[in-house]
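By convention in this document, chain letters (A, B, ...) are assigned in the order of the sequence lines, proteins followed by strands, and residues within each chain are numbered from 1. Only this structure's heavy atoms are used, side chains among them; waters, hydrogens and symmetry mates stay out. Keep in mind that this is a model prediction, so the values were computed, not measured.
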Protein chains: 2
Amino acid sequence: MATGRDVAQLAGTSTAVVSYVFNNGPRNVSPETRERVLAAAAELNYQPNALARALSAGKTSSIGLIVPNIANPYFGELARALEDAALAHNHLLIIADSAGNPEQETRHCASFLGRRVDGVILVSLFDNPDLSAFRRENVPVLVLHPIDHAHGVSSLTIDYEAAARDATAHLLDHGYDSIGMLNGLGETAGAQQHRAGFEAALARHAERNPGVTVRAEERPAEISRAAAARIATAWLAEPDRPRAIYSTTDEQAFGVLYAAHVNGLRVPEDLAIVGFDGTEQTEFAVPPLTTIAQPIRQISNRAIELLVRYVPDSPVHELFAYTLTRRSSCGCEPS
Amino acid sequence: MATGRDVAQLAGTSTAVVSYVFNNGPRNVSPETRERVLAAAAELNYQPNALARALSAGKTSSIGLIVPNIANPYFGELARALEDAALAHNHLLIIADSAGNPEQETRHCASFLGRRVDGVILVSLFDNPDLSAFRRENVPVLVLHPIDHAHGVSSLTIDYEAAARDATAHLLDHGYDSIGMLNGLGETAGAQQHRAGFEAALARHAERNPGVTVRAEERPAEISRAAAARIATAWLAEPDRPRAIYSTTDEQAFGVLYAAHVNGLRVPEDLAIVGFDGTEQTEFAVPPLTTIAQPIRQISNRAIELLVRYVPDSPVHELFAYTLTRRSSCGCEPS
DNA sequence: CTGAAAGCGCTTACAG
DNA sequence: CTGAAAGCGCTTACAG
């Protein structure tokens, strides 16, 4: 492939000038020279080598993203929004999938370090991911879920506890007296906040409705349709099955929806469901799913902005607004 | 960050040897020297700079993938399988999303060229994508869908026409006498093959059942749940609505499922549905969707293999086996 | 406004 | 088995 030298030669100038033209700086170039360079470049189909540029300039203009499963639509939508935002800043988003495997997450981190990404965005499988290597090399890292502030990592997230409280309270407002929560596996900060919100809503409800008892139970499941379907199918077959289920991800909510179908239960007449994430698919579920909608675009735009423009020198923890999108799966009237 | 020179210095050797150690070649290194290098590297947290390596070695060990929408689960599953395969060959998969925008696909192609990827895998928005730049630079390209062989691009795909024929025939075997096809937009090779298969099944059925008339109609829709839902909702509200619909993607099939729900139609009692792609979600649809399952893993493994090991010097067109996964949406007994 | 040259951090013939 | 050095293709002070 043609190099800057080839272009310079054909244009009768130096490689420095070719660089100035293609980068619009840092020095000025006379209009005539610029024309000659551009013409030569077009003739030779010149495409600057991004590797050489990155090596020389000391930055790659790339950002790494690690998600647990890119086939999960929430992460797909997230990746899409992040890529749009990165592109708007002329950065490349490198998407890596940890496939639910902690070791693979660690491998991807090392690989990103080797590729000298300018920043990384992480949806971690660990409650306390080891980010010391990034810290050592001064590579900014952003985590897109709750994380213990003591870990010293920046996070951009909605308030899971408040959202879980609202979701549960909404189910309680419908009058359901037996509510299940399908949480994720493990004691991550996210899982703990979901639980805290769930319990807070129950406590408040008990306080306001003396004498009324609501049965509540939490069960864990891997975050996948298949796992949620399996666990919920068994759960809903029990005689004292819950009347409503709060799922901590949409992916699991779809599994619960399926489990209801398997058990011949109507939604919402026999079982109410609320999901979490607000993926586009929830609108087209049968019936449409009520869910906590995350502001994916806003979080994504801010994440990229923080990584490419206003790199914080100490950890930041920004909270974003969520909305409870009411649809028929919880018992609300279809709109 | 520590460089190879730092490591060489600490280990009391040269950068060449450091390189030999980290690449296991191309020269041998005595066990003692190797030990010293490894120890020094560990002490300095040395991580070879992949950019410098690529620039020097003349290959990036990276493969570019462009899909129309990474939030579409089919492409998510595909990306995941391709990444696994690439990783197994120590390659990086760079995922790019054209967001249904042809110009963005073109931009991504240029960007891949600039990043000097070793190969590209494409799910194109164009019927005849302009791949001349890759050809000029000798970058192998693989397209994962039907494409006119005259275009000179390699393709890895299932036989869409045969699959469409089987799917349609299956619906006809159920005895439905009015069948709709929800195709993609535009006259791509894929859309044409879907149509050809659909019509072939109808023709054969007519031949074998003289006197029996089956109504058939094709309608186009953008490949998204929302678009398919909108179009199918109107279609199913018509008095002579189809009794069964063959959707050329699962994503559209989910939209049709939703449209049936909106129209108060039961699936499969009032409307039978068959999808295409075999995404994992189809298993957990309500009711589970019958679909043409693509061998995603096999196609992905082969694609990576062709790009990193047996780069073909002239276009290849490999056909993979698909399966019709029967579930209840078409009227088959739930298994 | 422009050019010659050093340097980014590797790899790899070339010597020894 | 090991080292000195050229080179990959850019960017960017340094001169002029």
Within this structure, what is the [atom1]-to-[atom2] distance between [X] and [N], rounded to whole angstrom?
X: A:R116; N: C:dG9; atom1: CZ; atom2: P; result: 8 Å
X: A:L55; N: D:dC8; atom1: CG; atom2: P; result: 14 Å
X: B:M1; N: C:dG9; atom1: CE; atom2: P; result: 11 Å
X: A:R5; N: C:dA4; atom1: CZ; atom2: P; result: 11 Å
X: A:N49; N: C:dG9; atom1: CG; atom2: P; result: 17 Å
X: B:L51; N: D:dC8; atom1: CG; atom2: P; result: 18 Å
X: B:R36; N: D:dC1; atom1: CZ; atom2: P; result: 14 Å
X: B:Q47; N: C:dC8; atom1: CD; atom2: P; result: 20 Å

task = Determine whether the aromatic ring centres of A:F112 and A:F134 lie less than 6.0 Å apart.
result =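 So the answer is no for these two rings.
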Under a 4.0 Å N-O cut-off, is there an ion pair linking A:E83 with A:R80?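 No, no charged N to carboxylate O under 4.0 Å.
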Taking side chain as C-beta onward, heavy atoms only, is B:T3 less than 4.5 Å from B:V7? no
Original post:
Between B:L113 and B:H108, is any pair of side-chain heavy atoms under 4.5 Å apart?
Top reply: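 Counting from C-beta outward, B:L113 and B:H108 never come under 4.5 Å.
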Secondary structure of DNA chain D per the Watson-Crick/G-U criterion (both distances under 3.5 Å; [ ] crossing, | other strand, . unpaired) is |||.||||||||.|||
Protein-nucleotides 11-14 of chain C N/O pairs under 3.5 Å:
residue: C:dT11; atom: OP1; partner: B:N23; partner atom: OD1; Å: 3.4
residue: C:dT11; atom: OP1; partner: B:N23; partner atom: ND2; Å: 2.8
residue: C:dT11; atom: OP2; partner: B:S19; partner atom: OG; Å: 2.6
residue: C:dT11; atom: OP2; partner: B:N23; partner atom: ND2; Å: 3.4
residue: C:dT11; atom: O4'; partner: B:S56; partner atom: OG; Å: 2.6
residue: C:dA13; atom: N6; partner: B:Y20; partner atom: OH; Å: 3.0

Self-check item: Side-chain N,O (A:S30) to OP1/OP2 (C:dT2) below 4.0 Å
Solution: yes
Q) Hey, does the side chain of A:S14 come within less than 4.0 Å of C:dG3's phosphate (OP1/OP2), counting only N and O? A)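 Answer yes for this pair, as a side-chain N or O of A:S14 is under 4.0 Å from OP1 or OP2.
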- request: If the plane angle is over 60° it's perpendicular, under 30° parallel, otherwise tilted; pick one for A:H149 and A:H317.
  value: parallel
(message) For A:E318, I'd like to know if atom CD has over 12 heavy atoms of other residues, nucleotides or ligands within 6.0 Å.
(response) yes
For A:R5, does the CZ atom have more than 12 heavy-atom neighbours from other residues, nucleotides or ligands under 6.0 Å away? no
Side chain to side chain donor-acceptor pair (under 3.5 Å) evaluation trace for A:S124 with A:E105 | CA-CA 8 Å; A:S124 183; A:E105 178 180 321; 2.7 Å; yes
Practice prompt. Ignoring hydrogens and angles, tell me if any N or O in the side chain of A:S154 forms a donor-acceptor pair with the backbone of A:V316 under 3.5 Å.
Written response: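 Present.
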query: Counting any heavy atom closer than 4.0 Å, what does B:G58 reach on the DNA or RNA strands: base, sugar-phosphate only, or nothing?
result: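 Since no nucleic acid heavy atom lies under 4.0 Å of B:G58, the category is nothing.
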